[in-house]
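What follows is a set of notes on a single structure, which appears directly below.
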Amino acid sequence: MSLYKVENYLRGSFRDIEGWCIPHLWQTIGGIQKIQEELDVVGPVAEIGVYHGKFLIGLINTKETQKNYAIDVFSMQQFNLDGAGLGNLEKFKSNVAASSCDLNTITIMERDSLSLTTQDLTDIRANTGGFSMFSIDGCHTVQHTISDTKVAMELTASGGIIFVDDYNNINWPGVHEGICKLYLTDNPLFVPLAATCNKLILCHLSFHAQYLDRLKNYLSEEFPNTKIKEAARFGYDAISVIPDMASDDYLHTERT
């Protein structure tokens, strides 16, 4: 595994892109990428709610794949019902260009995520083969959170990972409420794996035990100053990952 490209991004243009994402998140993402390589999980990445691309660009640099998707209302702000970030398509494109990413590897969908049809999902799945990593950071209402999470579960490969942003953010209670309603009224196949840096991380039930064991070992070995606490969520074993924010240790590229 080589993560020099994302390391350069985190220490370079990442800092200049407006958005709400901290580089310590890649302690966990680096571990997930290593596990995906071990499990032969391949595939592009996607995000609903791109804003200016801070997180999506990081995922693209991590995976270095084709057929990535950026889904955002961008100029269609009438669909940004809660005002959770005013995405700008031109700024996104500019940030992609400044961050060692190829815009040609990204399909941009200027859409309200609630308008995605069954045919849209079928077409995306056929084109990509299923995403290896999928980020949810769109409209933060209860309804959007539930819908976007279901879309992510439909489009993510069984060995893939889903990130739900603002799960513990007190300013956006709709995200937490939406996730709670989803798991208390349904039995999704993607279940909680970890929570870190303001994101809830989900993986497929069939891969849950493998991810959990390997991720705990990776974090303990590579980042001894990062706190790991076992904390079950909705009946599934999971971990809380609390990095040392005073450290600038995001990735161990020299070991990969």
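Judged as a side-chain contact (heavy atoms from CB on, under 4.5 Å), and not counting sequence neighbours, the contacts of L103 are K93, V96, I106, I108. Contacts of D244 classified as side-chain contact (heavy atoms from CB on, under 4.5 Å), with partners at least two apart in sequence or in another chain: N225, A246, S247. With sequence neighbours excluded, the residues forming a side-chain contact (heavy atoms from CB on, under 4.5 Å) with H204 are S158, L189, F190, S206, F207, listed by chain and number.
T145 and W172 share no side-chain donor-acceptor pair at under 3.5 Å. No hydrogens or angles considered: a donor-acceptor pair under 3.5 Å links the side chains of Y69 and N127. For the residue pair H144 and T141, a side-chain donor N or O sits within less than 3.5 Å of a side-chain acceptor on the partner. Under 3.5 Å, the side chains of H52 and N88 contain no donor-acceptor pair of N or O atoms. A donor and an acceptor atom, one from each side chain of N198 and N168, are nowhere located under 3.5 Å apart. A donor atom on one side chain and an acceptor atom on the other are not found under 3.5 Å apart for Q27 and Y218.
Pairs of residues two or more places apart, or lying in two chains, that qualify as salt bridge (Lys or Arg N to Asp or Glu O under 4.0 Å) and include a residue from residues 115-126 are R111-D120. Among pairs with a residue in residues 183-207, those fulfilling salt bridge (Lys or Arg N to Asp or Glu O under 4.0 Å) read D165-K199, at least two apart in sequence or across chains.
Between Y183 and Y236, the ring planes are perpendicular. Angles over 60° get that label, and only those under 30° would be called parallel.
Taking the six-membered ring wherever Trp is involved, the centroid distance between the rings of Y51 and F92 does not fall below 6.0 Å.
Listed by chain and number, the hydrophobic cluster partners of I22 are M245, where partners are ILVMFWY side chains within reach of under 4.5 Å, directly or through others.
At a threshold of 4.0 Å, the pair K34-E38 counts as salt-bridged, since one of the basic side-chain nitrogens sits closer than that to a carboxylate oxygen.
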